[in-house]
Amino acid sequence: MMGRDEDPEVRRSRTREIIRRLKGIYPDAECSLTYENPLQLLIATMLSAQCTDERVNMVTPLLFERYPTAADYADALPEELEDLIRSTGFFRNKARNIQGCCQALVDRHGGEVPRSMDELVALDGVGRKTANVVLGNAFGIAEGVVVDTHVRRISNRLGLTRRQDPVKIEQDLIGLVPRSDWVDLPHLFIHHGRAICSARAPDCDACGVGALCPSQGRA
């Protein structure tokens, strides 16, 4: 039986099969933010809060050209930085966090993005989700699982968790997903969420993992 009363070991096995199938469906799944170095990914991820990756990718080319280093962000005129990121929403708060974050990078890390969860989440505007994105994609460090709206929705629909809090969802997924797949899993779920398992109208008939999904009622 899948879902609430499913044996934990059975759920882990089902999770591994879901991942295997999704890798076959989305072999090129990767971070959809455009970046060339850890600082760019950190900034892009901060901008992606309450904003689409597509919109962020429209904003960042000029932003990255204007501010190539952490010191450049820290020294930027706030109104100029705000104007460049205005279309991502909440631009004043994001600009303030970016400048505070980059000032800390200059003061405490020699202008470089640190490679540890504790150091990253100590930066202004950086939570566990952002830190996981940077660690996993910029440095290949599997410290945890990124949980965004797609991951939360699909994890619940697939019966991998019943929680809504991202931190608790992450802990449930860590207990089910092999560490070697922690970085890839969010990309697979995000691609699946966009292509098939949308919030309002999931295309269950076209779902490649439907036979493993308790929300479809098929075993």
Side-chain angles (χ1 to χ4, degrees), residues 22 25-70 72-105 113 120-121 123-139 144-157 164 166 169-170 183-203:
L22 289 177
I25 299 168
Y26 309 107
D28 299 321
E30 59 183 11
C31 182
S32 55
L33 292 169
T34 301
Y35 65 96
E36 294 181 354
N37 57 57
L39 178 63
Q40 290 184 358
L41 179 58
L42 175 60
I43 299 302
T45 307
M46 294 174 73
L47 291 175
S48 71
Q50 305 298 314
C51 182
T52 66
D53 290 353
E54 181 181 15
R55 167 55 58 181
V56 172
N57 288 338
M58 294 172 64
V59 167
T60 50
L62 180 57
L63 186 72
F64 294 161
E65 181 181 359
R66 183 75 60 86
Y67 308 116
T69 70
D72 292 323
Y73 285 103
D75 295 339
L77 291 175
E79 57 270 24
E80 290 184 1
L81 179 56
E82 289 174 4
D83 189 57
L84 285 171
I85 66 172
R86 183 179 299 270
S87 65
T88 68
F90 304 98
F91 61 92
R92 291 191 180 89
N93 188 56
K94 288 180 180 180
R96 185 165 53 250
N97 282 335
I98 287 171
Q99 291 204 279
C101 171
C102 287
Q103 187 63 62
L105 291 180
V113 177
L120 281 167
V121 297
L123 301 170
D124 288 0
V126 178
R128 188 172 176 88
K129 172 190 166 185
T130 296
N132 273 327
V133 171
V134 173
L135 289 172
N137 295 280
F139 298 122
V145 178
V146 174
V147 177
D148 72 349
T149 55
H150 292 290
V151 175
R152 179 176 60 185
R153 178 178 71 255
I154 293 171
S155 295
N156 271 269
R157 284 180 176 169
Q164 295 300 317
I169 292 172
E170 182 184 3
V183 176
D184 289 337
L185 180 78
H187 302 321
L188 295 170
F189 278 14
I190 289 168
H191 277 68
H192 193 57
R194 290 171 177 165
I196 299 294
C197 197
S198 63
R200 294 186 178 180
D203 188 359

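Contact annotation: the side chain of Val145 never approaches that of Asn132 to less than 4.5 Å [non-hydrogen atoms, C-beta and beyond]. Between Leu105 and Leu39 the shortest side-chain heavy-atom distance falls below 4.5 Å. The closest side-chain heavy-atom distance from Val133 to Pro186 is not below 4.5 Å. Annotation: side chain of Ile25 is not in contact with side chain of Ile196 (no heavy-atom distance under 4.5 Å). With contacts defined as side-chain heavy-atom distances shorter than 4.5 Å, the pair Ser32/Arg194 qualifies. In this structure, the side chains of Ile43 and Tyr67 stay at 4.5 Å or more apart for every pair of heavy atoms. Using a 4.5 Å cut-off on side-chain heavy atoms (C-beta onward), Phe189 and Leu22 make contact. Two residues are said to be in side-chain contact when any heavy atoms from C-beta on lie closer than 4.5 Å; Thr130 and Leu120 fail this criterion.
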Can you check side chain to side chain contact (heavy atoms under 4.5 Å, CB included) on Ile190 and Asp53, steps first, answer last?
-> CA-CA 11 Å; Ile190 289 168; Asp53 290 353; 5.8 Å; no

Could you walk me through whether Val146 and Val183 pass side chain to side chain contact (heavy atoms under 4.5 Å, CB included), step by step?
-> CA-CA 8 Å; Val146 174; Val183 176; over 6 Å; no

Trace of the side chain to side chain contact (heavy atoms under 4.5 Å, CB included) decision for Asp83 with Glu80 = CA-CA 5 Å; Asp83 189 57; Glu80 290 184 1; 5.8 Å; no

Determine, step by step, whether Ile98 and Leu47 satisfy the side chain to side chain contact (heavy atoms under 4.5 Å, CB included) criterion, reporting the C-alpha distance in whole Å, the side-chain angles of both residues, the deciding distance to 0.1 Å, and the verdict.
-> CA-CA 9 Å; Ile98 287 171; Leu47 291 175; 3.8 Å; yes

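The two residues Ala95 and Glu82 make their nearest non-hydrogen contact at CB-CG, 3.6 Å. In terms of heavy-atom proximity, Ala74 sits nearest to Gln103 at CB-OE1, 3.4 Å. Residues Pro78 and Gln99 share a closest heavy-atom pair of CG-OE1, 3.6 Å. Contact record, Val59 with Ile85: CG1-CA, 4.1 Å, taken as the closest heavy-atom pair. What you find for Ser198 and Arg153 is that their closest heavy atoms are C-NE, 3.6 Å. Cys101 and Leu42 get closest at one heavy-atom pair: SG-CD2, 3.8 Å.
Atom CD of Glu65 has 12 or fewer neighbouring heavy atoms from other residues, nucleotides or ligands inside a 6.0 Å radius.
A donor-acceptor contact shorter than 3.5 Å links the side chain of Lys94 to the backbone of Thr88. Distance alone, capped at 3.5 Å, is enough to place a donor-acceptor pair between the Asn156 side chain and the Arg152 backbone. At distances below 3.5 Å, at least one donor-acceptor pair connects side-chain atoms of Asp72 with backbone N or O atoms of Thr69. Without hydrogens or angle criteria, Asp148 side chain to Lys129 main chain gives no donor-acceptor distance under 3.5 Å. Side-chain N or O atoms of Glu170 include none that pairs as donor or acceptor with a backbone N or O of Val147 at under 3.5 Å. Here the side chain of Thr60 pairs a donor or acceptor atom with the backbone of Val56 at under 3.5 angstrom.
Distance NE2/His187 to CG/Asp28: 12.5 Å, rounded to 0.5 Å. Interatomic distance, Cys197 SG to His150 NE2, rounded to the nearest 0.5 Å: 10.0 Å. Glu30 CD to Asp184 CG: the interatomic distance, rounded to the nearest 0.5 Å, is 10.0 Å. Here the straight-line distance linking atom CD of Glu79 with atom CZ of Phe91 works out to 11.5 Å at 0.5 Å rounding. Once rounded to the nearest 0.5 Å, the distance linking CG of Leu63 with CE of Met58 reads 14.0 Å. Within the model, atoms CZ of Arg86 and CZ of Arg92 stand 6.5 Å from one another, a figure rounded to the nearest 0.5 Å.
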